[in-house]
Amino acid sequence: MSKNILIFDTTLRDGEQSPGASLTVKEKIIIAEQLSKLGVDVIEAGFPIASPGDFEAVKKIAQTIEGPVICGLARAIDKDIDCCWEAVKYAKKPRIHTFIATSSIHRDEKLRKSKEEVIADAVQAVKRAKSYCDDVEFSPEDAGRTSLEYMCDVVSAVIAAGATTINIPDTVGYTEPEEFGNRIKTLFDKVPEAKNVVISVHCHNDLGNAVANSLAAVRQGATQVECCVNGIGERAGNASLEEVVMNLKTRKDFFDADTNINTKELFKTSKLVSNLTGLSISRNKAIVGLNAFAHEAGIHQHGVLQSKATYEIMNAEDVGWSGENIVIGKHSGKHAVMALLEEEGYSLTSEQNTQVTEKVKDLADKNKSVERDDVLAIAMDILGQLSETEQRIKLEGFTVTTGNGMTPTASVKLLINDQEKIGTGVGDGPIDALSKAVWSIVDPSVKLLEYNLKAITGGTDALADVSIKLKDINGKVFSGRAVHEDVIRAGLLAIISGLNRYMNAYNKGN
Ligand code: KIV
Ligand code: ZN
């Protein structure tokens with residue numbers, strides 16, 4: 001009988017650590033709902049001690065998402081584990097995932113702890129987690145660069161302490177597939193108790209080996225793979241969920257393994273994560289890139305027309321390229337809008353659906369053409385809206401003048417923590433002038449890193465979708481986004497939304 005490989009999705013934890021990918025609680029819940037539809041076995045919902053927002057998101061996901069195990073991450077420190085439990089305890093199937101670094105470089109340079117001290121901390125952490133819940137995962141961080149002998153000693157000790165899943169991370173994406181596969185083989189050879197727990201792998205993609213390393217580990221007996229949708233994550237990212245799953249499915253003859261993933265949900269999940277994180281997918285990305293099933297060369301097209309199998313090793317339908325069914329027109333009501341959003345993986349609350357429908361109608365009434373991507377952009381705009389208390393900066397008004405032979409000049413009136421401030425600026429264009437006006441009254445240490453403007457559909461009446469990235473002095477990146485028919489207002493609102501996220505992260509006044 002073929003073995004079952006558990007898919008542990010860490011899009012909302014490691015994936016969210018991608019620079020600029022920070023998601024709101026609402027956005028995380030939407031993604032978690034879609035991950036549950038996709039059939040992942042475990043959702044790592046966040047790192048509860050990291051920030052109040054992370055805690056809130058893990059707690060909300062634990063309270064609302066049914067199906068998968070809901071897991072939170074915790075360092076091997078009592079307060080992390082206690083906090084993690086407070087967030088995941090609401091789940092039907094909660095898990096605490098605790099970790100400590102084991103490689104000599106991390107022990108010596110980061111932790112300044114001996115091998116014995118690290119083992120003692122790991123055992124203590126697992127025991128504390130175990131006092132709260134049965135399902136405890138342990139990771140020796142940077143296992144890929146840890147001596148095999150010591151890694152096996154650590155694993156043996158934490159299994160004895162009660163860990164039920166042992167995850168072997170290649171934290172810095174350093175290993176090669178054969179080498180990583182051998183590491184898993186040695187683990188089974190040297191630690192016989194390993195066969196009584198789930199052996200998991202978590203590979204980063206710094207050398208582009210994350211998927212190959214994960215699959216090499218599966219060949220050697222690992223039965224859980226940790227991965228992220230679209231391969232997002234720290235630095236070069238994590239193993240891509242869709243690539244791991246489709247390798248196992250397409251080459252079942254080779255791996256003799258199944259997953260619980262409904263692969264028909266892959267494309268939709270990928271698009272949803274890309275839209276909400278703002279991390280776009282390259283056209284040639286395996287499985288979910290726009291070119292993944294496109295044939296350009298005449299010889300290929302000819303072959304595919306004769307028989308798809310000549311150049312296609314997977315069916316496009318199997319990953320959910322089904323074509324788009326619902327079309328939104330001027331007279332579409334709430335149900336059509338809801339159906340379209342559901343089709344795209346967005347399960348919105350009734351109130352959010354009403355807001356989207358109203359905006360769609362509002363646009364249609366102004367005689368603007370409303371297309372599928374407009375509806376998605378409006379939905380994302382509504383999902384990304386900050387709560388009243390999170391809106392530390394509010395736009396009160398602005399003016400811009402520009403023209404041939406004139407220097408673009410702007411003034412902006414903002415309410416910053418309930419105090420009215422007026423800024424002015426001149427720039428190379430109207431947006432530049434407005435951004436200078438904003439920066440004349442907000443924290444100058446935070447810089448505008450990126451400004452992207454997209455006209456969603458064709459025509460001069462197209463909705464403008466602006467996404468921006470800001471960077472603070474600690475190198476932390478914050479994104480902002482806004483959608484509006486007025487391109488200048490969209491730009492200004494996007495900057496303000498990024499600044500609000502920055503101020504919320506540090507709980508700042510100005
Ligand atoms: O890459 C890593 O080592 C991690 C651990 C916390 C599992 O993300
Ligand atoms: Zn990681």
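For this chain, numbers begin at 1 and follow the sequence in order. Whatever order the structure lists them in is the order used to number ligands and atoms, beginning at 1.
Side-chain atoms of E149 and S147 include no donor-acceptor pair closer than 3.5 Å. Remark: the T10 side chain and the H202 side chain contain no N/O donor-acceptor pair separated by less than 3.5 Å. Using modelled atom types, one finds no donor on one side chain facing an acceptor on the other under 3.5 Å when comparing D443 with Y506.
Within the structure, ligand 1 has R13 among the residues with a heavy atom less than 4.0 angstrom away.
Distances below 4.0 Å separate heavy atoms of E141 from the following atoms of ligand 1: 3 (O). Residue H204 approaches ligand 1 through these ligand atoms, each under 4.0 Å from one of its heavy atoms: 1 (O). Close contacts between ligand 1 and D14 involve ligand atoms 8 (O) [criterion: under 4.0 Å to a heavy atom].
Shown are E56, E16, E33, E44; of these, the salt bridge (charged side-chain N to carboxylate O under 4.0 Å, His left out) with K28 is made only by E16. When each of V201, V158, V154 is tested with I166 by the rule side-chain contact (heavy atoms from CB on, under 4.5 Å), just one qualifies, namely V158.
Ring geometry for F8 against H97 counts as perpendicular: the plane angle is over 60°, on a 0 to 90° scale with 30° as the lower cut.
Within the protein, the N, O or S atoms sitting under 2.8 Å from the Zn ion (ligand 2) are D14 OD2, H202 NE2, H204 NE2.
Taking a 6.0 Å sphere around NZ of K476, one finds it holds 12 or fewer heavy atoms contributed by other residues, nucleotides or ligands.
The nearest non-hydrogen atom to atom 2 (C) of ligand 1, considering only T10, T171, L73, D142, comes from T171.
Distance check: D41 CG to K93 NZ gives 8.0 Å after rounding to the nearest 0.5 Å. Here CZ of R481 is found 10.0 Å from CG of L383. Values are rounded to the nearest 0.5 Å.
Nearest protein heavy-atom neighbour of atom 4 (C) of ligand 1: H202 NE2, 3.5 Å.
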